[in-house]
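Data first, discussion second: the structure below is written as structure tokens.
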Amino acid sequence: MIDELSGLSAILPDYDAIVCDVWGVVHNGIAPHAAAGEALTKARAAGVAVVLVTNAPRPSPSVIEQLLQIGAPESAYDQVVSSGDVTRQAIIDGGFATLHHIGPKHDLVLFDDLAATLTETPADADAIVCTDLRTNDGVPEDYRAELSALVPLQKPFLCGNPDIVVERGGDIVYCGGSLAKVYEDAGGSARQFGKPHAPIYEMALKTLGHPKRVLAIGDGLPTDITGANAQGFDVLFITGGIHEADLGAHGAPDRQKVADRLAAEGLTARAYMPRLTW
């Protein structure tokens, strides 16, 4: 059965690099998890490279700016790779000149300096780019009619944030992946670029020089843990994020529930912790 880890320091000597999630591990969308920042800082001081890999649908400089605003320490990471970075590359590689965006206005930074224009008319677009719901209090069902109407257009549908939900200040809010699911349920086909899909890991490993011994740290079973398993990484599962309500009270997850949930999903992890600590 999977064991609860006393701290990152207990297994750190086994690894050359860490691929770490952001939301749910480093911060909760509003405030930093100070102990996580300290643990990653100490890991770097011990010679282990850290790349933060996030499904944020914005370029990494924007993600770094948010990290600074929230108060997460710059000392906690060497690099940041975002789903937005990978989505931008897909737009460039696809040669899409006109885009229709579904998402909040603050995600428009995704398109900065790209040789593409935005249109409010989906039929005029070369591709649809979905980043997130337009408001934090929305639900995917609100978008069913809009997304269903896009399916007959047969435009490439690019999802810049595969997360279904994320923790925000203790609340759970829906993300772009939930809209991609509605679009696919309506008969469309969505391309997704963040975790658990390979392109974001390929970009992350390239920034680290392709290390061999990699530990993935994350709280999301469908994204962080699924993606890490597919890459063959060892996993440290943080249970105090989006699955906290299912796995036991914060600070005291039920070991059997953790093991059963991983098994039910066909996933594996080396160990788990409620929150990342040193």
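Values below: every heavy atom of this structure, side chains too, minus hydrogens, waters and symmetry copies. Because the structure is predicted, anything quoted here is derived from the model rather than measured.
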- Message: Are there over 12 heavy-atom neighbours, none belonging to Asp113, within less than 6.0 Å of that residue's CG?
- Response: no

- Message: I'd like to know whether OH of Tyr143 has more than 12 heavy-atom contacts from other residues, nucleotides or ligands below 6.0 angstrom.
- Response: yes

So, [X] side chain and [Y] main chain: donor-acceptor pair closer than 3.5 Å or not?
| X | Y | value |
| --- | --- | --- |
| His27 | Ile70 | no |
| Arg255 | Ile2 | yes |
| Arg275 | Gly240 | yes |
| Arg213 | Asp14 | yes |
| Asn28 | His33 | no |
| Asp78 | Ala49 | no |
| Thr207 | Ala204 | yes |
| Lys42 | Trp278 | no |
| Ser83 | Gly160 | yes |

Regarding [X] and [Y], does a basic nitrogen lie under 4.0 Å from an acidic carboxylate oxygen?
| X | Y | answer |
| --- | --- | --- |
| Lys206 | Glu202 | no |
| Lys181 | Glu184 | no |
| Lys195 | Asp163 | no |

- Item | side chain to side chain contact (heavy atoms under 4.5 Å, CB included) between Val53 and Asp224, worked out | CA-CA 9 Å; Val53 178; Asp224 304 316; over 6 Å; no

- Message: Within the 4.5 Å heavy-atom criterion, are Leu52 and Leu67 side-chain neighbours or not?
- Response: yes

What is the distance from atom [atom1] of [X] to atom [atom2] of [Y], rounded to the nearest 0.5 Å?
| X | Y | atom1 | atom2 | result |
| --- | --- | --- | --- | --- |
| Ile11 | Arg270 | CD1 | CZ | 4.5 Å |
| Leu147 | Asp185 | CG | CG | 10.0 Å |
| His106 | Asp132 | NE2 | CG | 6.5 Å |
| His100 | Leu158 | NE2 | CG | 12.5 Å |
| Asp219 | Trp23 | CG | CH2 | 11.5 Å |
| Thr119 | Asp126 | OG1 | CG | 10.0 Å |

- Step-by-step side chain to side chain contact (heavy atoms under 4.5 Å, CB included) determination, Glu65 to Leu68: CA-CA 5 Å; Glu65 181 180 348; Leu68 294 173; 5.6 Å; no

Where [X] and [Y] come nearest, the two heavy atoms and their spacing:
| X | Y | answer |
| --- | --- | --- |
| Ser178 | Leu133 | OG-CD1, 3.6 Å |
| Ala36 | Val25 | CB-O, 3.3 Å |
| Val235 | Ala228 | CG2-CB, 3.5 Å |
| Ala90 | Arg191 | CB-NH2, 4.4 Å |
| Pro73 | Gly37 | CG-CA, 4.0 Å |
| Val165 | Cys175 | C-SG, 3.8 Å |

- Applying side chain to side chain contact (heavy atoms under 4.5 Å, CB included), run through Tyr77 and Ile64 and close with a yes or a no. CA-CA 10 Å; Tyr77 52 90; Ile64 292 171; 3.7 Å; yes

- Message: Restricting to side-chain hydrogen bond (donor to acceptor under 3.5 Å, both in side chains), what partner residues turn up for Asp124, sequence neighbours left out?
- Response: none

- Item | Ring geometry between Tyr183 and Phe157 (parallel below 30°, tilted from 30 to 60°, perpendicular above 60°) | parallel

- Message: Test side chain to side chain contact (heavy atoms under 4.5 Å, CB included) on Asp85 and Val63; report intermediate values, then the result.
- Response: CA-CA 10 Å; Asp85 293 334; Val63 175; over 6 Å; no

